[in-house]
Each structure stands twice: as structure tokens, then as C-alpha cells.
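Indexing begins at 1, ligand by ligand and atom by atom, following the structure's order. Values reported hereafter were calculated over all heavy atoms of this structure, with side chains retained and with hydrogens, waters and symmetry mates removed.
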Amino acid sequence: MSEPRARIVIIGGGPGGYEAALVAAQLGARVTVVDRDGLGGACVLTDCVPSKTLIATSGMMAALDEAAALGIRPSASGGGTALATVDAPRLYARVRALARAQSEDVTARLAAEGIEVVSGTGRLADRNGRLAGPLTVEAGDVLLSADAVLVATGAQPRLLPGAEPDGERILTFRQLYDLSELPPELIVVGSGVTGAEFAGAYQALGSQVTLVSSRDRVLPQEDADAATVVEDVFRRRGMTVLSRSRAAAVKRDGDGVAVALEDGRTVLGSHCLLAVGMVPNTDGLGVEEAGITLDGRGFIPVDRVSRTHAPGVYAAGDCTGVQMLASVAAMQGRIAMWHALGEAVRPLNLSHVAATVFTEPEIAMVGVTQRAVTSGEVDAVVGKLPLATNARAKMQGIRDGFVKLFASPRSGRVLGGVVVAPRASELILGVSLAVEQNLSVDQIAHTFAVYPSLSGSITEAARRLMQPQEN
Ligand SMILES: Cc1cc2nc3c(=O)[nH]c(=O)nc-3n(C[C@H](O)[C@H](O)[C@H](O)COP(=O)(O)OP(=O)(O)OC[C@H]3O[C@@H](n4cnc5c(N)ncnc54)[C@H](O)[C@@H]3O)c2cc1C
């Protein structure tokens, strides 16, 4: 007789949940995903996919802004001086349609793998209550028993007391795509990754943007050299960046908004976008009743194979607060299933995660950071090359950006890197490969790059870090 199939129940259908479901199904388990808002999760429906779709349009607008320098001018019949303006209703309709289509793709993929999907809000049933015994998930009237449960419920925008969104003028980034126009004067509160991405995008789309940053510079958590490049570009493109300015309250002011700063100043605009972080969706999930103590900020603590404190209960993605990226959520979910279903598994290694800030230019990074090198925590030599010296960059009119590599002074092994460039998200793969595969700067330097190409700056930076061989 064959073994009974393992039963897996997953709460949440974002990348943490649906990627796990695919792995579990591949391994022969009976899988049910409980999701309340649509497969693909917030990643596909409201956050990552919509924002990157918007940025595809803003990137095109930013390129057009530089077009005159490349010998392009508006055609005589076009009228006006701008090469193009944005059709906001069409843009937002495209963003919403693309997100829906992506969610439908995920739904079809799960159906094709025989994965059951239950629409509704899931929670762990109380083991000490009426369903003592095996793990059980409740989704409305449906009760699902499981050998292992994965919680992948994601997160939602953090709100500031005194700055309640109204969905019209005071907005979270999930409400932007319901607007009927581009905000003429947009105040973005928060200069982390989300705030910086939207501020840059809307400035390029044609809004006049004011970015309110509580810190000395934008993107305070990112590589300081990279953040400085992005902030300089923001200012050059006409954005007002208010550093060391903390928002105390946001109120409607007639047809616009007034943002009161803690130092007594007031900033006026047509709309305000709040981008001040995320809070986990862990309320009412029954996790504490299952024996899991949430951390001080409400996240579910997990180890490197995604186990929680409760036997048989795993967690993945934004609800764990490990690193809020779709790629990390997906990997945590897959690792959970490999572990739960008895496969050999490599624990999550965050030091090899490649990440990008999708501003224009983009910042992509992997491996060790400049902060760790400067503080002495990591012993590394640093090779930095401005893109302005790259032939392809000159041809394309690219003035801003650089390639930076970190390497071990003894072995020459590549430990990490930062690329600031248009499409840096694509260029970083070479550095990621080097970090993951323990390649040395010599090996990168001996690798052919196309001439002319931006990736040539990666091999050139590696050449500069090569040590002369002792005879
Ligand atoms: C504006 C923005 C842009 C981003 N851009 C990027 C990017 O470019 N690249 C990148 O890697 N990451 C990006 N991220 C981060 C990325 O979106 C998240 O890391 C990712 O969505 C996390 O996936 P998840 O599966 O943990 O959660 P989610 O995608 O949030 O999915 C969780 C799902 O669970 C559902 N759910 C919640 N509670 C329950 C319940 N009790 N019962 C049933 N269902 C429930 C939710 O409705 C949702 O469908 C971005 C985030 C934001 C905010």
C-alpha cells in the first residue's frame, strides 16, 4: 500500500504561499491554499507588480526627458515643447489590468497542479478547543486538517496617527491606482525604498513632488554613495527633498492637503502619499493561541528553515519580517515545504539576496555592504568605477551611477557589490553569480563582457581589484 499523501494547508496566497504550494504539490502532498484577497497576494495585486508597472511608464518618461541631449526634439505637428504627457486613467487602467492578469496566471498555475484554493479568511484553530489534536485551519465554515501549516499572510501599510488616509487626497500606495488623475503636487511622506520609488516615479510622470524625509538623506538604509546619487538626480529633476523633516500630521485643506512637520513648518500640496513602513497581518490568526509568541512589532519569529515555535507550523514572507522582498518570501515558503516534507534543505542565506531599489537610476545590491566594510565587521577591499567613464553610458547619455565591488583582500573572492545604473536590476546578476559561486575578482576579470556595454564596468572594476602576482 502506498503512503497516505501529506496534507499541507497554507494561509495566504502571495509569493510566500503560492510558491510553497507549488513545491508541496510537486512533492506529492495534498495542498490547500486559503486566501482572502486573490492569488498572487498583495505582491501581485497592490504592491510589487503594480508599482513596477507604473515605474515602466515613469522610466519611459524619464528617458524622454533626456531625449533632447540625444538629438531628439518634438515634431512640429505635436505642438508644445514636451515630448509626451501621461494619460493617467489609461496608465492606472493598465496597472490594474496587468495585476489582475498576473493573479489569474497564478490561479491557473495552481489549478493545473491540482492545488485546492479556498476563498476566505483563515486562522489556526485552537488546539485546546473543540479541535484538539492535529493541526486545523478554519476558513469560515470550512475546517481543514493538516500535517503541516504554512502562515504567509503578508503585511499592510503602516499608518501614522493624525494622518488617516481618506483614499482621495491622503493615500497609501495601495490607493494610488484608483485616482482619476496624476496628483499635480504630490507630497510623499517617507524616504525609504517605497517612498523613494514613488517620489521618483511621480516626478518623472509629471507631478511636482515634495519628499519628506526624517533622515539626513533619502534611502537611509541603502548604500550611502548610491543614495547620494539618487538624491542628486531627484533634486536635478526638480523634486523638493526636505531632509531631517518629520511629518507630525496630515490633514485635508480644501481641495488639497497640509502636512504639518514636527518643527512647525507646513507643506501644502494636492495629494499626500504615506510610505512609512509595513505592519504584519498577524492579528486574529490564532498563532498566539497555537503557542507562538509574536515579536515586539507583531511579526512571527522563524528559524532559517521557516519553523515557528509551534510544532508543524511554519511561516514565510512579510508576516515574519525577515526581509520584505517577494524573492525572500518565495524562498522561505519553498524551504518550509522542503523541510516539512522531509527533503534535504539548505537553510535561508540572507547574505546572498540580490535586491533593487527601482528608482531612476536603479540601485541593485548583493552580498556585504559598505556599512559592514567601513565599520570593520567585514575585511574587504573596495573597487568603485563611475559609469561616466563607460563608453556605452556616454553613448546613451547616462551621467549618473557606478559599479562597486567588495572583495576579500586575501583570496580575492567577490563578497558583494552595488550597481547604480538604469536597469541595474538586470546588471547585478553577474555579481550575484560571483558571490553565490565564490568566484574571485580574477575570474570576473577574465570573463568577456560585450564592448560597448554597461556590464563592461563590472569586469573593469574586478580588473582594478586584481592583485599583482608575486614571483
Ligand atoms: C510598494 C511595494 C513595492 C514592492 N516592490 C517589490 C519589488 O520590486 N521586489 C520585491 O522583491 N519585493 C517588493 N515588495 C515587497 C513584496 O511585495 C513583499 O515582500 C511580498 O508581497 C511578500 O509576500 P507574502 O507572500 O509574504 O505576502 P503578500 O504578497 O502580502 O500576500 C499575503 C496574502 O495573504 C492574504 N491574507 C492575509 N491574511 C489572511 C488570512 N487570515 N486568511 C487568508 N488570507 C490572508 C492577503 O490578502 C494576501 O493575499 C514591494 C512592496 C511594496 C509595498
- Message: Just to confirm my output: which protein heavy-atom neighbour is closest to atom 39 (C) of ligand 1, and how far is it?
- Response: Thr153 CG2, 3.6 Å
- List the closest protein heavy-atom neighbour of atom 49 (O) of ligand 1: residue, atom name, distance to the nearest 0.1 Å. Asp35 OD1, 3.0 Å
- Under 4.0 Å to a heavy atom of Gly13 - the qualifying atoms of ligand 1, by number: 33 (C), 34 (O)
- Among non-hydrogen protein atoms, atom 30 (O) of ligand 1 lies closest to Ala42 CB, 3.2 Å
- Task: Around atom 16 (C) of ligand 1, find the nearest protein heavy atom and jot down its residue, atom name and distance.
- Result: Ala326 N, 3.9 Å
- Message: Does the plane of the ring in Phe173 sit parallel, tilted or perpendicular to the ring in Phe198? Use 30° and 60° as the thresholds.
- Response: parallel
- Between Leu39 and ligand 1, which part of the residue brings a heavy atom under 4.0 Å of the ligand: side chain, backbone, both or neither? neither
- Which atoms from ligand 1 have a heavy atom of Gly41 less than 4.0 Å away? 29 (O), 31 (O), 48 (C), 49 (O)
- Which of the numbered atoms in ligand 1 are below 4.0 angstrom from a heavy atom of Gly317? 26 (O)
- Task: Using modelled atom types only, decide if a donor and an acceptor are shared between the side chain of Ser191 and the backbone of Val218 within a distance under 3.5 Å.
- Result: no
- Would you please determine whether Arg123 falls within less than 4.0 Å of ligand 1 on a heavy-atom basis? no
- Give, for atom CD of Gln203 and atom CG of Leu205, the distance between the pair rounded to the nearest 0.5 Å. 10.0 Å
- Message: Side chains of Thr320 and Gln332: any donor to acceptor distance under 3.5 Å?
- Response: yes
- Are a donor atom and an acceptor atom from the side chains of Arg235 and Thr240 found within less than 3.5 Å of each other? no
- Would you mind telling me if ligand 1 is within reach of the side chain of Cys43, the backbone, both or neither, using heavy atoms under 4.0 Å? both
- Query: Hey, is ligand 1 close enough to Ile11 that some N/O pair sits below 3.5 Å?
  - Reply: no
- Query: What is the distance from atom CD1 of Ile55 to atom CE of Met61, rounded to the nearest 0.5 Å?
  - Reply: 14.5 Å
- Item | Heavy-atom nearest neighbour in the protein, as seen from atom 25 (O) of ligand 1, with distance rounded to 0.1 Å | Gly16 N, 2.9 Å
- Between OG on residue Ser58 and NZ on residue Lys52, distance to nearest 0.5 Å: 10.0 Å
- Message: If we ignore hydrogens and angles and just use 3.5 Å, is the side chain of Asp295 paired with the main-chain N or O of Pro301 as donor and acceptor?
- Response: no
- Message: Would you say Ser425 and Glu362 are linked by a side-chain donor-acceptor pair, where the criterion is simply a distance under 3.5 Å?
- Response: yes
- Message: Could you identify the single nearest non-hydrogen protein atom to atom 46 (C) of ligand 1 and state the distance to 0.1 Å?
- Response: Asp37 OD2, 3.8 Å
- Message: If only side-chain N and O atoms count, and only distance matters, is there a donor-acceptor pair under 3.5 Å linking Asp216 with Ser243?
- Response: no
- Query: Any idea which atoms of ligand 1 are less than 4.0 Å away from a heavy-atom of Gly120?
  - Reply: 42 (N), 43 (C)
- Item | Nearest-0.5 Å distance that lies between atom OG in Ser432 and atom CG in Leu427 | 11.5 Å
- Message: Nearest non-hydrogen contact with atom 1 (C) of ligand 1 belongs to which option: Thr194, Val34, Thr320?
- Response: Thr194
- Within a strict 4.5 Å, meaning less than it, do heavy atoms of the Val189 and Leu273 side chains meet? no
- Within a distance under 4.0 Å of any heavy atom of Leu285, pick out the atoms of ligand 1 and give their elements. 41 (N)
- Message: Is there a polar contact between ligand 1 and Leu325, counting only N or O atoms under 3.5 Å apart?
- Response: yes
- Can you list the ligand 1 atoms lying under 4.0 Å from a non-hydrogen atom of Phe358? 8 (O)
- Between the side chain of Asp147 and the main-chain N/O of Arg7, is any donor-acceptor distance below 3.5 Å? yes
- Note on the structure: Candidates Glu197, Lys52, Arg36, Glu19; heavy atom nearest atom 5 (N) of ligand 1 found on Lys52
- Query: Which is closest to atom 6 (C) of ligand 1 by heavy-atom distance: Cys48, Gly284, Gly40?
  - Reply: Cys48
- What is the nearest protein non-hydrogen atom to atom 41 (N) of ligand 1, stated with its residue, atom name and distance? Gly122 O, 3.0 Å
- Got a donor-acceptor contact below 3.5 angstrom from the Asp253 side chain to the Gly256 backbone? no
- Query: Between Pro15, Ala275, Ser51, Ser425, which one has a non-hydrogen atom sitting closest to atom 3 (C) of ligand 1?
  - Reply: Ser51
- Message: Could you identify the single nearest non-hydrogen protein atom to atom 18 (C) of ligand 1 and state the distance to 0.1 Å?
- Response: Asp318 OD2, 3.2 Å
- Item | Ala139 near ligand 1 by a heavy-atom separation under 4.0 Å | no
